[in-house]
Amino acid sequence: MTVILEGRDLWNTMPGWGIVADLLPPEVTEARRVRVLRRVVIIVLASVLVLCLIAYGIAKLGSHSAQNELNAEQAKTMQLTIDQRKYSGVTAIQGQVSQVQSQVAKLLAGDIDFPKVIADIRAQLPPGMTIDQLAVTVLTVTPGASTNGGAAAPLDASGHAHIGTITLSGTGRHLTDISAFVENLKTVKGITQPYPTSNRASDAGTEYNIQVTLTDDVLSHRFDHVTTGGK
């Protein structure tokens, strides 16, 4: 009969085969550990060095890109400065024009659009009433000043400064036309305190003299200088 022994049984049937002894000197074992540790350290250092090189490359690339953008902006600024110098003459002319406009605005601050004022007055005439003469007196006052000029009533609810007077004379059909004309004149912008200085009835009709006071509301403001922002 043939007996087949397993590996462990075969090992146990031979005396002395189960004894294992590590006969390597400690120095050899320690040297192997040092070599393994050295490899690990070298790998770690190499990895760190590679990461540093990658980070340096990224930083260098970013610095180069930023420098290029800075150079481009500096070149653009220099070109804009050169262009600005080209138009320095235009800027100087604009400044002179603005100064002249400001002086004209001060000089003509009291400008009045008399054709419009007279047309507004004529539009208030009752039917059959005429204006034969018209005299205008403008006071030399600063627009907006609280000066009440003219021989008018002392009370004025318009709240505007008085800058002159207009004296009207003409004819009408009835005395009631004069009072109607006076009431109509009160509705005209820039005219206040209209009142008749004289009126006379005749066989042909009536003759009248009316005086009205002009306020700063009739100023045209056509020459006002508006200051706008510029470069």
Sequence neighbours excluded, the answer for salt bridge (charged side-chain N to carboxylate O under 4.0 Å, His left out) partners of Asp177 is none
Those residues that, when tested against Arg173, pass salt bridge (charged side-chain N to carboxylate O under 4.0 Å, His left out) (two or more places apart): none
Nearest 0.5 Å, please: how far is [atom2] in [Y] from [atom1] in [X]?
X: Cys52; Y: Leu45; atom1: SG; atom2: CG; value: 10.5 Å
X: Lys60; Y: Gln67; atom1: NZ; atom2: CD; value: 10.0 Å
X: Glu69; Y: His64; atom1: CD; atom2: NE2; value: 11.0 Å
X: Thr197; Y: Tyr208; atom1: OG1; atom2: OH; value: 10.5 Å
X: Asp217; Y: Ile163; atom1: CG; atom2: CD1; value: 9.0 Å
X: Ser65; Y: Leu70; atom1: OG; atom2: CG; value: 11.0 Å

Is a side-chain donor or acceptor of [X] paired with a backbone partner of [Y] at a separation under 3.5 angstrom?
X: Thr206; Y: Gly172; result: yes
X: Glu183; Y: Ser179; result: no
X: Thr77; Y: Glu73; result: yes

Transitively linked via ILVMFWY side-chain contacts under 4.5 Å: Val40 with Val48?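 Linked within one cluster.
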Flag side-chain contact, heavy atom, 4.5 Å: [X] against [Y]:
X: Asn209; Y: Pro196; answer: no
X: Asn199; Y: Glu207; answer: no
X: Gln193; Y: His162; answer: yes
X: Ile121; Y: Phe181; answer: yes
X: Tyr195; Y: Ile210; answer: no

Show which residues join [X] in its hydrophobic cluster (side-chain heavy-atom contacts under 4.5 Å, direct or indirect), or state none.
X: Ile58; answer: Val50, Ile54
X: Leu49; answer: Leu53
X: Ile43; answer: none

Please report the C-alpha distance between Thr165 and Leu214 in whole Å, then the side-chain angles of each, then the deciding distance to 0.1 Å, and finally whether the side chain to side chain contact (heavy atoms under 4.5 Å, CB included) criterion is met. CA-CA 5 Å; Thr165 59; Leu214 296 176; over 6 Å; no
Where do Lys186 and Ile191 land on the side chain to side chain contact (heavy atoms under 4.5 Å, CB included) test, with the steps shown first? CA-CA 7 Å; Lys186 294 179 181 180; Ile191 289 180; over 6 Å; no
Would Val117 and Val188 satisfy side chain to side chain contact (heavy atoms under 4.5 Å, CB included), going step by step from the backbone distance to the final call? CA-CA 9 Å; Val117 174; Val188 179; 5.9 Å; no
Let me check something: any side-chain donor-acceptor pairs from residues 129-139 under 3.5 Å, sequence neighbours excluded? List them with distances.
unit_1: Thr130; atom_1: OG1; unit_2: Asp132; atom_2: OD1; d: 3.4
unit_1: Thr130; atom_1: OG1; unit_2: Thr171; atom_2: OG1; d: 2.9

Could you walk me through whether Val218 and Asp113 pass the side chain to side chain contact (heavy atoms under 4.5 Å, CB included) check? CA-CA 7 Å; Val218 298; Asp113 188 358; over 6 Å; no
